[in-house]
Structure formats: C-alpha cells, structure tokens
Asker: 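After the structure tokens below, expect a handful of questions from me.
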Amino acid sequence: MKIIARIRTELPEKFGVPRQSGLVPQLRGRVIFEPEYRNPDAVRGLEDFSHIWLIWQFSRAVREGWSPTVRPPRLGGNRRMGVFATRSPFRPNALGLSSVRLDRVELDPALGPVLHVSGADLMDGTPIFDIKPYLPYTDSHPQAAGGFTDGLAHEPLTVECSPALLEHIPADSREGLLGVLAGDPRPRYQEDPQRVYGLSFAGRNVKFTVDGDRLTVIAVE
C-alpha cells in the first residue's frame with residue numbers, strides 16, 4: 001500500500017473530528033497528492049463528479065494485534081460490538097472509508113492537482129491510499145438498515161459564541177468550527193456541565209462548556 005495523498009484540515013487532533021463523513025458539510029479540506037502522484041492526467045474527468053470516496057489510514061490508531069470486539073462511542077462506551085459491525089479505528093487493518101463532497105479540482109503550479117473537499121471526517125495530515133468517484137446509481141441505498149445505530153441520531157447542539165470570540169477564527173473557517181461544535185465533539189459518556197473542554201481548530205484552542213443541549217464558547221486562544 002502506497003500513500004498517494006494527505007488531507008489538510010483545520011483539525012490537528014482526534015478530538016473534534018466529526019464521527020462520520022458528511023455530518024459537518026461546512027468543514028473544508030484539501031487533498032494534496034504526494035510528489036509521485038502529482039500528475040493532472042490522474043484526475044482527468046474527476047471534476048464532473050460531485051462526491052468522491054477516500055480510502056485512508058487511521059494513522060493515530062495503528063497498533064499491534066486486534067480485538068474481535070470494541071466499545072462504540074455511540075453506545076456510550078459501555079457495550080461491546082463486533083469490530084466488523086462498527087467503524088472503530090481499532091481494526092486488524094487501520095483503514096477508513098469516507099464519502100466527501102468534491103467542491104473543485106485546482107491545478108496548483110507547485111502542488112499539482114489539489115482536490116478541495118467538504119464534509120470530511122479526517123484529521124489534518126491523514127494519509128490517503130486511494131480515491132474513487134462516488135456513483136449515486138449504485139452507492140446510494142436510502143432504505144438501508146443502520147443496525148444498532150438506528151435511532152441514535154441526536155439533534156445538534158445550540159452553539160453560543162460571541163462575535164468577539166468568533167473574530168479570532170479565520171473568516172473562511174468559522175462555519176466549519178460552528179458545525180463541529182454543534183455536532184457535540186464530547187465522548188457520549190461525559191455530561192458534566194462544569195467541565196471545560198478544549199478543541200484545537202485552525203491553529204486556535206477553542207474552550208467551551210456544554211449544559212444540556214447548549215454549548216457555550218468561553219474562550220478562543
């Protein structure tokens with residue numbers, strides 16, 4: 001397996017990364033190819049697709065050995081499910097699969113073809129092994145059963161962030177930050193309204209608390 005590209009996003013740490021691709025459509029990223037693969041011919045025709053699949057590595061979750069069961073965060077970390085019935089990063093092969101929107105293909109003079117995407121659930125610098133076009137006539141299954149995840153969807157949090165604090169975030173990244181916060185980056189089992197969380201985003205440390213369905217940003221450093 002060869003790394004063909006890496007993605008650049010505003011999230012340098014696992015905390016805050018959306019739980020699935022597409023949950024935060026405002027979150028933008030750039031797929032930058034490794035020098036060996038910076039050939040415009042390799043992406044010829046890709047600009048006609050609205051979405052693509054990324055096959056990538058859970059680079060922060062590579063470990064020796066594996067367990068047949070894991071504790072999905074969606075279940076509060078209290079129930080074990082089979083590893084192949086989950087999308088846990090702790091797998092025999094640490095591979096991830098994400099469907100993201102392809103906003104545009106840029107031909108950069110220094111970097112070659114750069115794919116601008118949105119809705120990614122990848123950390124900054126994540127290695128990518130392959131890219132494939134998303135085909136709606138065969139890849140979409142609206143009536144599919146979601147197994148143990150059915151019924152677990154929750155309403156987004158209400159995010160309170162003063163304009164003065166939001167100004168510390170680059171203007172073109174603010175919607176992405178608000179989307180990440182609304183998705184509730186906390187582990188499911190943490191419900192302490194007094195706890196202060198810190199989220200690394202766009203080179204800033206965003207501190208916030210959560211009380212019920214309301215998230216309040218208290219500082220941006």
Side-chain angles (χ1 to χ4, degrees), residues 1-63 66 83-142 144 146 149 170 172-173 175-177 179-180 183 185 200-202:
M1 298 283 283
K2 294 183 178 179
I3 297 172
I4 66 164
R6 294 180 185 272
I7 193 168
R8 310 304 307 188
T9 72
E10 305 282 20
L11 293 162
E13 300 176 355
K14 290 189 293 182
F15 184 72
V17 173
R19 293 179 175 87
Q20 303 293 341
S21 58
L23 289 182
V24 185
Q26 311 96 319
L27 196 58
R28 299 182 303 172
R30 294 181 303 144
V31 175
I32 298 177
F33 288 90
E34 297 290 282
E36 181 181 354
Y37 301 99
R38 292 176 182 174
N39 188 328
D41 289 339
V43 297
R44 184 187 303 168
L46 193 63
E47 69 278 1
D48 295 328
F49 293 89
S50 66
H51 292 74
I52 56 176
W53 291 106
L54 302 179
I55 300 173
W56 47 278
Q57 182 187 43
F58 287 103
S59 52
R60 297 283 184 90
V62 177
R63 58 172 59 174
W66 68 286
V83 64
F84 299 129
T86 75
R87 296 188 176 187
S88 167
F90 303 109
R91 331 180 58 79
N93 295 303
L95 294 178
L97 176 68
S98 297
S99 172
V100 300
R101 181 173 184 82
L102 178 62
D103 297 320
R104 63 188 176 94
V105 179
E106 173 193 7
L107 293 180
D108 184 274
L111 300 175
V114 175
L115 309 184
H116 292 257
V117 301
S118 55
D121 55 340
L122 287 73
M123 290 173 47
D124 183 53
T126 294
I128 296 174
F129 289 129
D130 203 4
I131 297 167
K132 299 178 187 293
Y134 176 95
L135 306 179
Y137 76 91
T138 185
D139 292 348
S140 176
H141 305 281
T149 68
D172 59 354
S173 299
E175 287 190 8
L177 170 64
V180 167
S200 295
F201 187 91

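Position 1 is the first residue of the sequence; numbering continues from there. All values below come from the heavy atoms of this structure, side chains included, with hydrogens, waters and symmetry mates left out. Quick caveat, the model's predicted, so the values are computed rather than measured.
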Asker: Test L95 against L97 for side chain to side chain contact (heavy atoms under 4.5 Å, CB included), laying out the working first.
Answerer: CA-CA 7 Å; L95 294 178; L97 176 68; over 6 Å; no

Asker: Take L177 and F201 through the side chain to side chain contact (heavy atoms under 4.5 Å, CB included) test and state the conclusion after the steps.
Answerer: CA-CA 7 Å; L177 170 64; F201 187 91; 3.6 Å; yes

Asker: If you count the non-hydrogen atoms of other residues, nucleotides and ligands that lie under 6.0 Å from CD in E175, is the total more than 12?
Answerer: no

Asker: Please report the interatomic distance CG(N39) to CZ(F33), rounded to the nearest 0.5 Å.
Answerer: 10.0 Å

Asker: Does E34 offer a backbone N or O that forms a donor-acceptor pair with the side chain of E36 under 3.5 Å?
Answerer: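 Not at all, since once roles are kept as given, no pair shorter than 3.5 Å links the two residues.
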
Asker: With rounding to the nearest 0.5 Å, note down the distance linking OG1 in T126 to CH2 in W56.
Answerer: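 Going from the OG1 atom of T126 to the CH2 atom of W56 covers 6.0 Å.
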
Asker: Report yes or no: do W53 and D139 form a side-chain donor-acceptor pair below 3.5 Å?
Answerer: yes

Asker: For a quick test of reading the model, state the closest non-hydrogen atom pair linking P40 to L107 and the distance between them.
Answerer: CB-CD2, 4.1 Å

Asker: Only one of K14, R8, R30 passes salt bridge (Lys or Arg N to Asp or Glu O under 4.0 Å) with D124; say which it is.
Answerer: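 So the option named by the test is R8.
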
Asker: Is there a side-chain contact between P25 and S118, using heavy atoms and a 4.5 Å cut-off?
Answerer: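 Result no, sub-4.5 Å side-chain heavy-atom pair not found.
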
Asker: Quick check: closest heavy atoms across M123 and T9, and the distance to 0.1 Å?
Answerer: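 Closest heavy-atom pair between M123 and T9: C-OG1, 3.5 Å.
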
Asker: Give me each pair satisfying salt bridge (Lys or Arg N to Asp or Glu O under 4.0 Å) with a member in residues 103-115, each pair once, sequence neighbours excluded.
Answerer: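 Passing the test, one end in residues 103-115: R101-D103.
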
Asker: Quick one: OH on Y37 to NZ on K2, what's the gap to the nearest 0.5 Å?
Answerer: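 It comes to 4.5 Å.
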
Asker: If you take all heavy atoms of P136 and Y134, which pair is closest and at what distance?
Answerer: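 Taking every non-hydrogen atom into account, CD-O, 3.5 Å.
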
Asker: Hey, does H116 have a side-chain heavy atom less than 4.5 Å from the side chain of V105?
Answerer: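 Side chain of V105 against side chain of H116, heavy atoms only: no contact under 4.5 Å found.
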
Asker: Heavy-atom distance under 4.5 Å between the side chains of V83 and F90, does that happen here?
Answerer: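 Answer no - side chains too far apart.
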
Asker: Looking at R60 and E13, would you say the former's side chain and the latter's main chain have a donor-acceptor pair under 3.5 Å?
Answerer: no

Asker: Should we say atom CG of D48 is surrounded by more than 12 heavy atoms from elsewhere, each under 6.0 Å from it?
Answerer: yes

Asker: For I7 and L115, run side chain to side chain contact (heavy atoms under 4.5 Å, CB included): C-alpha distance rounded to whole Å, both residues' side-chain angles, the deciding distance at 0.1 Å, then the answer.
Answerer: CA-CA 9 Å; I7 193 168; L115 309 184; over 6 Å; no

Asker: Side chain to side chain contact (heavy atoms under 4.5 Å, CB included), that's the test. Do I4 and I131 meet it? Break it down for me.
Answerer: CA-CA 9 Å; I4 66 164; I131 297 167; 4.2 Å; yes

Asker: Tell me whether R19 at atom CZ has more than 12 heavy atoms from other residues, nucleotides or ligands lying less than 6.0 Å away.
Answerer: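 Yes.
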
Asker: Considering non-hydrogen atoms only, spot the tightest contact between V24 and P18 and give its length.
Answerer: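 For V24 versus P18, the nearest heavy atoms are CG2-CG, 3.7 Å.
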
Asker: Would a distance-only check, ignoring hydrogens and angles, find a side-chain to backbone donor-acceptor pair under 3.5 Å from S21 to S99?
Answerer: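 Indeed, once roles are kept as given, a pair shorter than 3.5 Å links the two residues.
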
Asker: How far apart are the closest heavy atoms of P113 and V43, and which atoms are they?
Answerer: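 Shortest heavy-atom separation between P113 and V43 comes out as CB-CG2, 3.8 Å.
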
Asker: Is there a side-chain contact between V31 and I128 (heavy atoms, below 4.5 Å)?
Answerer: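 When only atoms from C-beta onward are counted, I128 and V31 do touch, with a gap below 4.5 Å.
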
Asker: Could you tell me whether the side chain of R91 and the main chain of F58 form a donor-acceptor pair under 3.5 Å?
Answerer: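 A pair under 3.5 Å: no.
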
Asker: What closest approach, in Å, do L46 and P133 show between heavy atoms, and which atom pair accounts for it?
Answerer: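 So the minimum-distance heavy-atom pair works out to CD1-CB, 4.5 Å.
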
Asker: Just by distance, do the side chain of T138 and the backbone of L135 share a donor-acceptor pair under 3.5 Å?
Answerer: no

Asker: Give, for atom NE2 of H51 and atom OG of S98, the distance between the pair rounded to the nearest 0.5 Å.
Answerer: 12.5 Å

